[in-house]
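Only one structure is covered here, and it is reproduced in the block below.
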Amino acid sequence: MGQSVWKPMIWIFALIIAFNFMYAFFARQSVDSGAPVSYSRFKDELAADNITKISIKGNSISGEFRKKVTVTDSSSGKPVTREAARFTTIKPAIEDASLMADLQARKVDVTAVTTETSPLVSGLLYLLPWILIIGVWWLVMRGMRGQNPGAMMGGFSKSGAQMYTPGEKSKVTFDDVAGMENAKLELKEIVDYLQDPKKFQQIGGKVPKGVLLVGPPGTGKTLLARAVAGEAGVTFLSISASQFIEMFVGVGAGRVRDLFATAKKSAPSIIFIDELDAVGRSRGAGLGGGHDEREQTLNQLLSEMDGFDPHDEVIVMAATNRPDVLDAALLRPGRFDRHVVVDRPDWRDREKILQVHTRKIPLDKDVVLAVIARGTPGMTGADLENLVNEAAILAARQNSSTVTMYHLEQAKDKVLMGGERKMYITEQEKRITAYHEAGHTLVAKLLPGTDPVHKVTIIPRGQALGVTQQLPEDDRYHYSKTYLVNRLSVALGGRVAERTVFGDLSTGAQNDLKMVNELAEKMVCVWGMSDKIGAMTFHRGEEHPFLGRKLAEEKTFSEQMAWLIDQEISAVIRQAEVKAEEIIAGNRDKLDVLAEALIDEETLDGKRIDQLLGLDNGQ
Ligand code: ADP
Ligand code: ZN
């Protein structure tokens with residue numbers, strides 16, 4: 001796409017250069033192709049009637065001798081004597097009044113050549129700086145757009161070949177999409193329509209033109225849309241809505257127009273717009289700049305969707321994880337009126353996803369994918385794909401011919417807790433971390449109704465110095481208040497253990513505290529779990545999805561209520577902390593055993609923890 005701008009520019013440059021050369025060439029020919037002689041020599045030869053014709057350009061004169069003469073040419077450094085038939089000379093600034101008369105007397109043929117450059121060349125020379133300025137301006141503007149460097153010099157309003165792939169026939173089918181049976185069922189209708197639109201049009205049935213896929217990132221929304229195109233055997237055009245938004249007002253709208261035109265040309269087709277919320281946020285809610293542009297782009301999108309005639313076999317699919325912020329106009333009938341929820345997979349679907357992604361990987365006989373699937377609650381399809389990939393890399397690095405359960409477990413830890421970090425830790429820091437993690441583990445083990453501890457480690461991973469990993473037995477959708485308070489106790493266990501053992505606190509508990517505060521606030525304000533406040537919900541500033549921080553919102557409750565909420569939140573936290581303190585104080589010996597084992601072994605799995613706590617055959 002860069003060529004569209006550069007081609008004419010390069011041509012203009014080439015033309016200018018060519019003209020200059022040509023001009024210089026002809027100009028030289030007419031004046032310059034002879035031996036340089038002095039003016040007096042010229043006058044002498046004229047007097048000797050040895051000159052047949054001359055041409056005058058400005059104050060330079062060139063011409064032909066009647067007979068060749070010997071001249072000394074020193075223009076190229078050392079003097080050379082040669083025979084010359086032609087000459088050039090420069091007329092002195094002093095007026096030579098007799099020259100014309102002499103020339104006429106000797107019947108010399110005189111031509112005058114203009115000193116003016118040709119109007120075309122001078123016009124081009126005049127334009128040159130402007131062309132340069134505009135060229136530089138282009139580059140700067142393109143650079144400011146901060147797009148991928150490949151797209152640096154594109155047409156402004158084309159959606160561009162890199163952004164979507166016109167004419168791509170998707171090879172993905174529903175078989176490549178594991179699980180999601182509900183979503184597939186709902187989309188089957190679209191597939192049927194695209195396969196045989198005539199049938200639907202004859203009956204006059206209304207087929208949805210816009211389908212909104214709603215779900216968190218990585219759950220396979222793009223994959224699903226691609227699979228619909230693949231099943232129906234139609235063209236798939238995809239673009240991310242954030243690519244519509246540019247610095248210049250109107251560019252996004254142009255891109256939308258262009259995209260829809262391409263889709264109609266290659267109909268039947270599917271347009272897939274990822275991150276629809278980037279343009280589709282409620283109008284009038286824009287923060288700061290860029291909001292006019294977004295609004296125009298959105299309007300264009302709406303009018304394109306309205307402009308579909310029933311015979312356009314184009315389906316628009318869009319993905320978002322924030323359906324709540326979308327403009328209501330987008331969701332009206334005739335637009336994105338069909339919603340398909342793509343949720344995080346449960347463990348059965350996770351197993352199927354693992355199966356899909358291990359199809360081409362040699363798995364060891366010991367591998368039971370269901371175990372990995374159960375141990376990865378909350379992971380999306382993308383996470384699981386990543387997990388399988390990590391396991392394969394690990395197996396390859398260890399020169400193993402198959403991927404074993406060990407590799408998959410290692411990969412799971414890496415994906416769940418981040419990669420191991422090499423860093424220098426002092427003995428004292430190691431002790432503090434060991435007691436901190438032992439605190440979490442002990443509280444988790446001894447409080448009933450908490451998630452089982454899967455693993456605890458003091459090997460630094462990701463941001464954390466140590467990790468206590470709990471895994472629920474199955475996916476949970478409802479949480480009881482008891483469960484949540486216990487969770488707070490577990491999270492506070494690390495801090496309590498540090499305080500009990502060292503009589504001091506460290507900064508290591510920062511993440512724990514953040515999590516505790518957020519959870520406690522939700523319990524009181526969102527889930528109505530406080531006795532004093534009861535079944536009321538409050539907005540205490542919602543995290544803004546695009547700014548990643550809270551915005552001040554108008555408070556809809558009194559100062560008194562605000563005070564009460566604060567009291568209740570701190571009461572919940574206090575309650576959880578007291579529980580953790582009781583457990584730690586009452587089981588100091590067990591805490592020591594766990595911490596010492598951690599310092600020694602660095603990582604303890606669930607079985608080893610049970611062994612250390614003497615819970616082998618209990619529980
Ligand atoms: P989204 O568009 O929801 O952010 P993607 O469709 O880009 O997610 O998914 C990312 C990757 O995760 C896909 O390319 C696919 O390999 C994998 N994936 C996600 N869900 C599934 C699934 N249900 N079955 C198989 N693979 C999946
Ligand atoms: Zn902690």
Side-chain angles (χ1 to χ4, degrees), residues 170 172-184 187 212-230 236 238-241 272-277 317-322 340-346 348-360 373 379-389 415 417 432-444 453 456-458 460-470 487-499 505-516 580 598:
S170 168
V172 180
T173 65
F174 279 160
D175 281 344
D176 300 302
V177 187
M180 295 207 250
E181 297 307 329
N182 287 332
K184 284 190 209 168
L187 293 171
L212 188 62
L213 302 173
V214 181
T219 45
K221 298 181 292 294
T222 314
L223 185 73
L224 202 57
R226 222 175 259 282
V228 172
F236 184 73
S238 82
I239 191 165
S240 172
F272 178 70
I273 304 175
D274 206 356
E275 303 171 63
L276 182 65
D277 40 283
M317 297 180 83
T320 181
N321 57 343
R322 301 274 319 189
V340 175
V341 176
V342 181
D343 224 335
R344 288 178 194 278
D346 62 13
R348 284 170 199 84
D349 275 357
R350 286 201 297 272
E351 187 182 355
K352 288 181 198 151
I353 294 172
L354 285 170
Q355 277 163 3
V356 166
H357 287 290
T358 50
R359 277 199 295 224
K360 292 198 185 82
M379 274 204 193
T380 63
D383 296 332
L384 292 168
E385 185 184 11
N386 184 18
L387 187 156
V388 170
N389 189 37
V415 175
M417 309 191 283
I432 294 175
T433 311
Y435 269 99
H436 180 104
E437 298 306 328
H440 286 309
T441 308
L442 191 66
V443 177
V453 179
V456 52
T457 173
I458 56 166
R461 273 176 184 281
Q463 291 293 305
L465 287 176
V467 182
T468 301
Q469 191 187 18
Q470 286 177 279
R487 217 162 127 174
L488 293 180
S489 299
V490 174
L492 289 166
R495 177 185 141 92
V496 171
E498 274 185 57
R499 196 172 50 202
L505 291 170
S506 75
T507 53
Q510 187 188 340
N511 282 338
D512 296 340
L513 290 188
K514 187 161 179 266
M515 177 271 197
V516 164
L598 267 175

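Counting starts at 1 for both ligands and their atoms, in listed order. Residue numbers run from 1 in the order of the sequence given.
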Using a strict cut-off of 4.0 Å, indicate which atoms of ligand 1 neighbour a heavy atom of [X].
X: Ile353; answer: 22 (C), 23 (N), 24 (N)
X: Glu385; answer: 11 (C), 12 (O), 13 (C), 14 (O), 15 (C), 16 (O), 17 (C)
X: Met180; answer: 23 (N)
X: Thr219; answer: 3 (O), 8 (O), 19 (C), 20 (N)

>> If the condition is salt bridge (Lys or Arg N to Asp or Glu O under 4.0 Å), which residues does Asp176 pass it with, not counting sequence neighbours?
In response: Arg359
Considering only protein heavy atoms, which is closest to [atom], and at what distance to one decimal place?
atom: atom 23 (N) of ligand 1; answer: Ala178 O, 2.9 Å
atom: atom 10 (C) of ligand 1; answer: Ala382 CB, 3.8 Å
atom: atom 19 (C) of ligand 1; answer: Gly381 CA, 3.4 Å
atom: atom 8 (O) of ligand 1; answer: Gly220 N, 3.2 Å
atom: atom 26 (N) of ligand 1; answer: His357 NE2, 2.8 Å

Are [X] and [Y] packed together at the side-chain level, in the sense that at least one heavy-atom pair is separated by less than 4.5 angstrom?
X: His357; Y: Leu384; result: no
X: Thr222; Y: Ser238; result: no
X: Asp512; Y: Arg495; result: no

Would you say [X] contacts ligand 1, with heavy atoms under 4.0 Å as the rule?
X: Asp176; result: yes
X: Gly218; result: yes
X: Pro217; result: yes

> Which angle, to the nearest 10 degrees, do you find at the Zn ion (ligand 2) between NE2 in His436 and NE2 in His440?
Replying inline: 90°
>> One residue to check: Lys221. Relative to ligand 1, which of side chain, backbone, both or neither has a non-hydrogen atom less than 4.0 Å away?
In response: both
> For ligand 1, does Lys352 get within less than 4.0 Å through its side chain, its backbone, both, or neither, judged by non-hydrogen atoms?
Replying inline: neither
> Given Val340, which of Leu187, Val214, Leu212 fulfils the side chain to side chain contact (heavy atoms under 4.5 Å, CB included) condition?
Replying inline: Leu187
For a quick test of reading the model, state the closest non-hydrogen atom pair linking [X] to [Y] and the distance between them.
X: Gly179; Y: Asp349; value: CA-OD1, 3.3 Å
X: Ser506; Y: Ile432; value: OG-CG2, 4.1 Å
X: Phe272; Y: Ala319; value: CZ-CB, 3.7 Å
X: His440; Y: Ala491; value: CE1-O, 3.0 Å

> When you measure from the Zn ion (ligand 2) to each N, O or S atom of Asp512, which atom gives the shortest distance?
Replying inline: OD2
>> Enumerate the salt bridge (charged side-chain N to carboxylate O under 4.0 Å, His left out) contacts for residues 433-442, please, sequence neighbours excluded, ordered by first and then second residue.
In response: none
> Within the distance-only criterion (no hydrogens, no angle test), does the side chain of Lys221 pair as donor or acceptor with the backbone N or O of Pro216 below 3.5 angstrom?
Replying inline: yes
>> Below the 3.5 angstrom mark, is there an N/O of Val177, backbone or side chain, next to an N/O of ligand 1?
In response: no
> What do you reckon, does Val356 have a nitrogen or oxygen under 3.5 Å from a nitrogen or oxygen of ligand 1?
Replying inline: no
>> Would you say that more than 12 heavy atoms from the other residues, nucleotides or ligands in this model lie under 6.0 Å from the CG of Asn389, or not?
In response: yes
> So between Asp274, Leu223, Thr222, Leu384, whose heavy atom ends up nearest atom 7 (O) of ligand 1?
Replying inline: Thr222
